[in-house]
2 protein chains.
Amino acid sequence: MTRAPYLRLPKPRPGAQDAHESLPAFVAERLREAILAGTIPPGALLRQEDVAGRLGVSRPPVREALKQLETEGLAQYRPRRGYVVAALDPADIAEIFEIRALFEERIGQAAALHRTEEDLVALDAEILAMEALPAGTPEGGRAFGLHNRRFHDRIRAASGMRVMGELLGVLANRVERYIRLGGRLANSREQVNREHRDILAALRDGDGQRLGLLLRLHVHDAGARLLRSLKER
Amino acid sequence: MTRAPYLRLPKPRPGAQDAHESLPAFVAERLREAILAGTIPPGALLRQEDVAGRLGVSRPPVREALKQLETEGLAQYRPRRGYVVAALDPADIAEIFEIRALFEERIGQAAALHRTEEDLVALDAEILAMEALPAGTPEGGRAFGLHNRRFHDRIRAASGMRVMGELLGVLANRVERYIRLGGRLANSREQVNREHRDILAALRDGDGQRLGLLLRLHVHDAGARLLRSLKER
DNA sequence: GTCCAGCATTTTGAATTCAATTTTGCCATG
DNA sequence: CATGGCAAAATTGAATTCAAAATGCTGGAC
């Protein structure tokens, strides 16, 4: 067999930031994206050779990436049998939204104490961006989701709750696939915008109790809508 | 160089259960234990060659194990620099105990609805075992910790909250090192036993509100004691 | 005496290679 | 025709090998 050249990541420019820090991280990101988008359906086998060939790397980094996806809950490992894309029990989905609601309530209470003027300005900008988006288009939906995520990320950052933030990130990944699958769960975008306005007002007032309550209900509603949407299939 | 023999795990007997399912899992477990016991202090570099040599394996499985410990929050990775044992911010410790309190409250509410007669019997047995343990000895302390863990695990299992259980396992690992370091945080073992009795009574009555409250305070107290103990250094 | 530069060594990153298990397809048998 | 077993192929598991980057050390210059 011919000696294949020593393949490496494209050398990043000194200041370049988009290059990945390691091949496993690169592989994990691509796989994660494919799983969340539904390109690789739940239950599918993740053959190491396949993945490696598709991404132009060898198997060892793929193994490391799969190991990481396993601890993230996106893949399941069976010894000597390989990795499969994890399926999620509806009960687990409901529980994840419960956890998110619990965390968001606590985050709201903390954020009301620590928010800065810059936080308020940034959050206002996100709301304005969401209100300005067109209603029916797919790109509009994607952009809305992005701003929505940034809105909640900002509140979370202001709260200083780092561990909760980390866990929320992992949990969000686990349910993201079903959110995309569940179609427009933001059927009442106007209501979401109203709730965001209320949330911002409570944050400005420093009313932690009210903010926590609003956030909890906000997340709870989203979860209830998703579960209802999934049940209809 | 002489060709080293192809090293493998000791072949498990057909029915043997103690053998590990894979080398990475084996390495991860040994490393985790060493980190939690404090044998490897926070900030220490985890040299792949060292670890591999010490455990009699090669580097690839060590890399996979380190990747897993990273996502568990026990190790930190810096590209091209290697892995170091993660240090925990006191603020993170406090937050982890807050999360545990949050989860335990919710778990209590659910457990009160779903507990079976067998659960009550098993929990009673654990309490009796804890009450029968001698006070001052180190073995007594370890045994107490074990039964205490089983006590709470049983309630958690009865609640049916799988995701919370999974997350609690990871979080418990992260703070375990500091619990062992903090010495006898169970200085008031009698009080813990009393609280366990109250918890069991509320569970038997099916009083979810009260059970949740008791569990929340139970965990909160443990966290407060640990933080106080750590601050005294 | 101190600081900086260049080289050697160490350590990580990733690919190839080899062994063992599992799975699959085929053939024989009931 | 169905089922069980056997053999071959495919796939995972793990070690070795080779390349690149980071670290440390030494020597020289200021």
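Source: prediction; values computed, not measured. Order of the sequence lines sets the chain letters (A, B, ...), proteins ahead of strands, with each chain counted from 1.
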**Q** Could you pull out all donor-acceptor pairs under 3.5 Å where a side-chain atom in residues 31-47 of chain B meets a protein atom, sequence neighbours excluded?
**A**
| residue | atom | partner | partner atom | Å |
| --- | --- | --- | --- | --- |
| B:Arg32 | NE | B:Glu72 | OE1 | 3.0 |
| B:Arg32 | NH2 | B:Glu72 | OE2 | 3.0 |

**Q** Going by the rule side-chain hydrogen bond (donor to acceptor under 3.5 Å, both in side chains), which residues pair with A:Asp50 if we only count those two or more places apart in sequence or in a different chain?
**A**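 With sequence neighbours excluded, A:Asp50 shows a side-chain hydrogen bond (donor to acceptor under 3.5 Å, both in side chains) to no residue whatsoever.
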**Q** Quick one: side-chain hydrogen bond (donor to acceptor under 3.5 Å, both in side chains) partners of B:Gln48, sequence neighbours excluded?
**A**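 B:Gln48 satisfies side-chain hydrogen bond (donor to acceptor under 3.5 Å, both in side chains) with B:Arg59 only.
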**Q** Categorize A:Pro60 for me: base, sugar-phosphate, or nothing, with a 4.0 angstrom heavy-atom threshold over every strand shown.
**A**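 A:Pro60: base contact, heavy atoms under 4.0 Å.
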**Q** Report, one pair per line, the protein and nucleotides 10-12 of chain C atoms (nitrogen or oxygen only) whose separation is under 3.5 Å.
**A**
| residue | atom | partner | partner atom | Å |
| --- | --- | --- | --- | --- |
| C:dT11 | OP1 | B:Arg47 | NE | 3.3 |

**Q** State which residues pass side chain to side chain contact (heavy atoms under 4.5 Å, CB included) with A:Leu120; sequence neighbours excluded, sorted by chain then number.
**A**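 Counting only residues at least two positions away or on another chain, A:Leu120 forms a side chain to side chain contact (heavy atoms under 4.5 Å, CB included) with A:Arg115, A:Glu117, A:Leu200, A:Leu203, A:Arg204.
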**Q** Expressed as a whole number of angstroms, how long is the span from A:Leu66:CG to D:dT11:P?
**A**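 To the nearest whole Å, that distance equals 15 Å.
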**Q** Name all residues meeting the side-chain hydrogen bond (donor to acceptor under 3.5 Å, both in side chains) criterion together with A:Arg81; count only those two or more places apart in sequence or in a different chain, and write none if there are none.
**A**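 Listed in chain order: nothing, the list is empty.
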